[in-house]
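Notes to accompany the following structure.
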Amino acid sequence: MPQDVYDKVIMLAKRRGFIYPSFEIYGGVAGLYDYGPLGSQLKNNLENLWRYFYIYKDSCLEINTPTITLYDVLEASGHVDEFTDLTVDCEDCKLSFKVEDIIEDESSIQQAIKDETLICPTCGGKLINPHPVNLMFATKIGIGKTRDAFLRPETAQGIFTGFHLLYRYAREKLPFGVIQLGKGYRNEVSPRQGPIRMREFSMAEAEVFFDPNNKSHKNFSEVKDHILYLYDNESEFQLTMEDAVSKGVINNQALSYYMYLTQTILIQGGVDPKKFRFRKHADDELAHYAEECWDAELFSERFGWVECVGIADRSAYDINAHIEASKTDMYAMRRYESPKIVKHKKIVPKMNILGPKLKDKAGDIKAIIDEMEVTGQIENLTIPFEGEEYLIPKDAYDVVEVEEKEAGEKFIPHVIEPSYGIDRILYCILEHNYKEIEKENESYHLLSLPYQMAPIKTGVFPLIKDESLTCISEKIDKTLREHGISTSYDETGTIGRRYARMDEIGTPFCITVDHDTLDDKKVTMRNRDTREQERIDIDALPDFFKKQK
RNA sequence: GCGGGUGUGGUGUAGUCUGGUAUCACUUAAGCUUGCCAAGCUUAUAACUCGGGUUCAAAUCCCGGCACCCGCACCA
């Protein structure tokens, strides 16, 4: 059976505890995977690398919001309408069927229902009531009296729904970014691409809020000469960030900056630069809310170019949707240099007269009067309320000219969203770093993971199982662990076998203690990629690892 | 979801047509050995995807479920 890199990587991943199908003893479930011990560490390392860039380089705020998300939120965001498949019901047996299973051309469903040509595949009854069924995982909150909810299809909505609080936390200044790492859920029709298409998956998302009039980025000038790897659906090319923006290839500095961050994170994380590019969405594939979108694509031998990160300018879409649906003030304020004084006329009702006259309606009518804009002369002031017109006599109000301060103008911030599929990136990193070499006529494989990504940083071995060597090795192992350096102690078999075990899981270094160590207090440090060895003082070991990148 | 293919220890496999208690290698573990790149020897652990049927007897034949792979569709 011919094996491609995918097969080999997946085999290794399962054998060595990186990633493997979930619940396999019960037959497994497509689209669900376990991260094993090494996989979990690898994932932590990628997520922490990502955090480093977004929190320390870009000053973003990290938050955590529930994966269970209220129906109303996802209705406002458009997911309830968009994540759907059409289904029909049987009039007799009440079963439901997906329209695409029943009829070839979904667009002709209405006509087919009218013609009564659709019959139930189970009982032969008439199929009626075509309606969309959502592909999000639905659930209910509470027992008895419940509220509808879904497992979130993206982490972003949790950020948007807290925007007004976060905006205050950021002291009402734009731009600022909010990040969230977490699980997302999609009940995929047919998740058949291994870790590339999962039903429960990890995402790292940033929502960076901008004034729509100013999508510049404060760090841009610092990094503007970096080259971006671009693809416009016709050819691949490279431009500096500055050129890309000034030539209009990339719409604004902010998009360009997050593309730069993305490229840097991925390549530092171990993505092969030759298997990396940004692809610009063509106009006809843009989501209806997006003004521009670039995908970071990673090349896989099995799957071709895989979309692993989407960097979209989502404009004001989401915040606007939540303002309208929830009636919450989520506007941002563009402050004037000094407050504007606006003069206008106002009606001030005399409540000592109106009160006794209007009785219980007085309060509501006052509220209406307070909201009225006054232009020109007022004659016969009448207020419509609960279907009746109430005449307010002239002696019951004054018209006064008031001055109001306006500190600024309200607007809906725009959102630039870099959204990372962690699992896809991890798979591609494994694939890109999987190396097969010939070694003494044997095929030998290793993972050339960058130091930062490697789940285990070093092996610690006594050259032979001799008590004088093992006790030093164990001590070195313990010391390194106390310094937060993950190690793997191994005293079994030959030294070559132990090196091989470490190479296969991407461990960049191995320390060997031999008899010379007893005299000179030095150990052999072996490099995974060069296989070179050097002698290092035992005392210098913690620093040696802390200097690695 | 449709059509086709596949499913055997931890991993990769032989055996399936032609039914009779499952082959080999690597890995793992214990021991001997071992002085820097998967050495060797001994021993041990360990598998027929699941359910039903046919049969004296099923990894093997039949039916169904599940998963994976390819194509189509779907999704982005």
Side-chain angles (χ1 to χ4, degrees), chain A residues 1-4 6-8 10-17 20-33 36 82-87 97-106 121 135 153-154 186-194 196-199 201 279 281-282 285-287 290 293 295 297 302-303 305-310 312 419 421 424 437-446 459 461-466 468-469 490-504 510-517 523-528 530-535:
Chain A
M1 193 182 287
Q3 294 178 341
D4 63 6
Y6 174 84
D7 288 324
K8 292 174 180 171
I10 290 296
M11 261 163 54
L12 185 146
K14 185 173 183 183
R15 194 158 39 82
R16 300 308 305 267
Y20 38 83
S22 299
F23 315 124
E24 215 178 12
I25 60 168
Y26 291 103
V29 182
L32 298 181
Y33 284 84
E82 282 175 33
F83 273 66
T84 55
D85 266 358
L86 260 190
T87 62
F97 301 91
K98 276 171 83 170
V99 168
E100 65 183 60
D101 300 343
I102 305 266
I103 186 169
E104 275 186 18
D105 178 13
E106 260 189 45
L135 294 181
E154 58 173 2
R186 293 182 55 178
N187 205 355
E188 294 284 354
V189 178
S190 147
R192 283 195 295 171
Q193 299 170 61
I196 298 299
R197 180 167 307 237
M198 286 161 60
R199 287 194 163 115
F201 53 102
R279 188 179 70 83
H281 277 211
E285 66 179 316
L286 279 176
C293 184
D295 286 342
E297 298 186 324
R302 166 73 71 91
F303 304 110
W305 287 99
V306 178
E307 165 193 339
C308 291
V309 183
S419 173
R424 289 182 170 193
I437 52 177
E438 256 324 281
K439 196 168 165 184
E440 286 164 25
N441 297 325
E442 247 186 309
S443 108
Y444 186 94
H445 29 258
L446 63 87
F461 312 143
L463 186 56
I464 57 165
K465 204 195 282 181
D466 173 322
S468 63
L469 302 186
D490 193 351
E491 57 181 31
T492 64
T494 63
I495 193 73
R497 177 180 297 275
R498 287 177 268 168
Y499 287 155
R501 262 199 285 260
M502 289 293 106
D503 285 347
E504 197 180 41
C510 291
I511 291 168
T512 305
V513 173
D514 57 27
H515 284 105
D516 293 340
T517 306
V523 292
T524 303
M525 178 70 70
R526 180 258 194 187
N527 180 298
R528 175 194 65 204
T530 64
R531 288 199 234 160
E532 279 165 9
Q533 306 191 349
E534 56 173 323
R535 298 287 285 178

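A, B, ... follow the sequence lines: proteins, then strands. Residue 1 opens every chain.
Among the atoms of the strands shown, only primed sugar atoms or phosphate atoms (P, OP1, OP2) are found under 4.0 Å from some heavy atom of A/Tyr6. Contacts of A/Arg498 with the nucleic acid, taken as non-hydrogen atoms under 4.0 Å apart, are absent. No engagement by A/Glu24 is indicated, since no non-hydrogen atom pair under 4.0 Å with the nucleic acid exists. Looking at heavy-atom distances under 4.0 Å, A/Arg15 makes contact with sugar-phosphate atoms alone, never a base. Contacts of A/Arg528 with the nucleic acid, taken as non-hydrogen atoms under 4.0 Å apart, are absent.
Atom name C1', nucleotides B/U49 and B/U6: the rounded distance is 11 Å, in whole Å. If you take atom C1' in B/G9 and the same atom in B/C24, they sit 12 Å apart, rounded to whole Å. Separating the P atom of B/U45 from that of B/U23 is a span of 14 Å, rounded to the nearest Å. Going from the C1' atom of B/G3 to that of B/A44 covers 47 Å, rounded to whole Å.
Atom-to-atom, CD of A/Glu297 to C1' of B/A76 comes out at 11 Å; the value is rounded to the nearest Å. A/Phe23 has its CZ atom 14 Å from the P atom of B/C68, to the nearest Å. When the C1' atom of B/C68 is taken as reference, atom CD of A/Gln193 falls 13 Å away, rounded to whole Å. As rounded to whole Å, 14 Å separates atom C1' of B/C75 from atom CD1 of A/Ile196. Atom CD1 in A/Ile495 sits about 12 Å away from atom C1' in B/A38, given to the nearest Å. Note: CG (A/Leu12) to P (B/U28) measures 13 Å, nearest angstrom. At whole-Å resolution of the value, CD in A/Glu491 and C1' in B/A29 are 14 Å apart. Atoms CG (A/Asp4) and C1' (B/U6) sit 15 Å apart, rounded to a whole Å.
Ranked by how close their nearest RNA chain B nucleotide is to the 5' end, A/Asp295 and A/Arg526 are led by A/Arg526.
Residues forming a side chain to side chain contact (heavy atoms under 4.5 Å, CB included) with A/Thr512 (at least two apart in sequence, or on another chain): A/Phe461, A/Leu463, A/Ile495, A/Tyr499, A/Thr524. Every side chain to side chain contact (heavy atoms under 4.5 Å, CB included) that A/Ile10 has, sequence neighbours left out, goes to A/Tyr6, A/Pro195, A/Tyr427. Residues passing the side-chain hydrogen bond (donor to acceptor under 3.5 Å, both in side chains) test with A/Asp295 are A/His281, sequence neighbours excluded. The side chain to side chain contact (heavy atoms under 4.5 Å, CB included) check on A/Phe23 picks up A/Val29, A/Leu32, with sequence neighbours excluded. Residues that satisfy the side-chain hydrogen bond (donor to acceptor under 3.5 Å, both in side chains) test with A/Arg424, not counting sequence neighbours, are absent from this structure. Take A/Glu24 and apply the salt bridge (charged side-chain N to carboxylate O under 4.0 Å, His left out) test, not counting sequence neighbours, and it matches A/Lys14. With sequence neighbours left out, the side chain to side chain contact (heavy atoms under 4.5 Å, CB included) criterion links A/Ser468 to A/Asp466, A/His515, A/Leu518. By the side-chain hydrogen bond (donor to acceptor under 3.5 Å, both in side chains) test, A/Arg498 pairs with no residue at all, sequence neighbours left out. A/Arg16 is linked by a salt bridge (charged side-chain N to carboxylate O under 4.0 Å, His left out) to A/Glu504, counting only residues two or more places apart in sequence or in another chain.
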Toss me the dot-bracket line for RNA chain B: Watson-Crick and G-U wobble, both under 3.5 Å, 5' to 3', using | for pairs to another strand and [ ] for crossers. (((((((..(((.......[...))).(((((.......)))))....(((((..]....))))))))))))....
Protein-nucleic acid N or O pairs under 3.5 Å, nucleotides 2-4 of chain B:
none

Please list, for nucleotides 31-33 of chain B, all pairs of protein and nucleotide N/O atoms separated by less than 3.5 Å.
none

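For B/A39, the OP1/OP2 oxygens have a side-chain nitrogen or oxygen of A/Arg497 closer than 4.0 Å. In terms of phosphate contacts, A/Thr494 brings a side-chain nitrogen or oxygen within less than 4.0 Å of OP1 or OP2 of B/A39. Between B/C74 and A/Arg197, no contact under 4.0 Å exists linking OP1 or OP2 to a side-chain N or O. Regarding contacts with the backbone of B/A67, every side-chain N or O of A/Tyr26 stays at 4.0 angstrom or more from both OP1 and OP2. An OP1 or OP2 oxygen of B/U11 is reached within less than 4.0 angstrom by a side-chain nitrogen or oxygen of A/Lys14.
Here the side chains of A/Arg535 and A/Asp514 are in contact, with some heavy-atom distance below 4.5 Å.
Closest contact between the side chain of A/Met11 and the listed nucleotides B/U11, B/C69, B/C37 involves B/U11. Of the candidate nucleotides B/C37, B/U27, B/U11, B/U27 has the atom nearest to the side chain of A/Arg501. Nearest nucleotide to the side chain of A/Thr524, out of B/C36, B/G12, B/A38: B/C36. Comparing B/C37, B/G35, B/A76 by their closest approach to the side chain of A/Ile464 singles out B/G35.
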Verdict with reasoning, A/Arg279 to A/Trp305, per side-chain contact (heavy atoms from CB on, under 4.5 Å): CA-CA 10 Å; A/Arg279 188 179 70 83; A/Trp305 287 99; over 6 Å; no
Could you go through A/Arg531 and A/Asp503, starting from their C-alpha distance and side-chain angles, then the distance that decides it, and tell me whether this counts as salt bridge (charged side-chain N to carboxylate O under 4.0 Å, His left out)? CA-CA 10 Å; A/Arg531 288 199 234 160; A/Asp503 285 347; 5.8 Å; no
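In this structure, A/Arg497 does not pair ionically with A/Asp490, as no charged nitrogen and carboxylate oxygen lie closer than 4.0 Å.
Side-chain contact, A/Arg199 with A/Ser22: no donor N or O sits under 3.5 Å from an acceptor N or O.
Below the 3.5 angstrom threshold, one finds no donor paired with an acceptor across the side chain of A/Asp7 and the base of B/C69. For a distance-only test at 3.5 Å, the side chain of A/Arg186 fails to qualify as a donor-acceptor partner of the base of B/C75.
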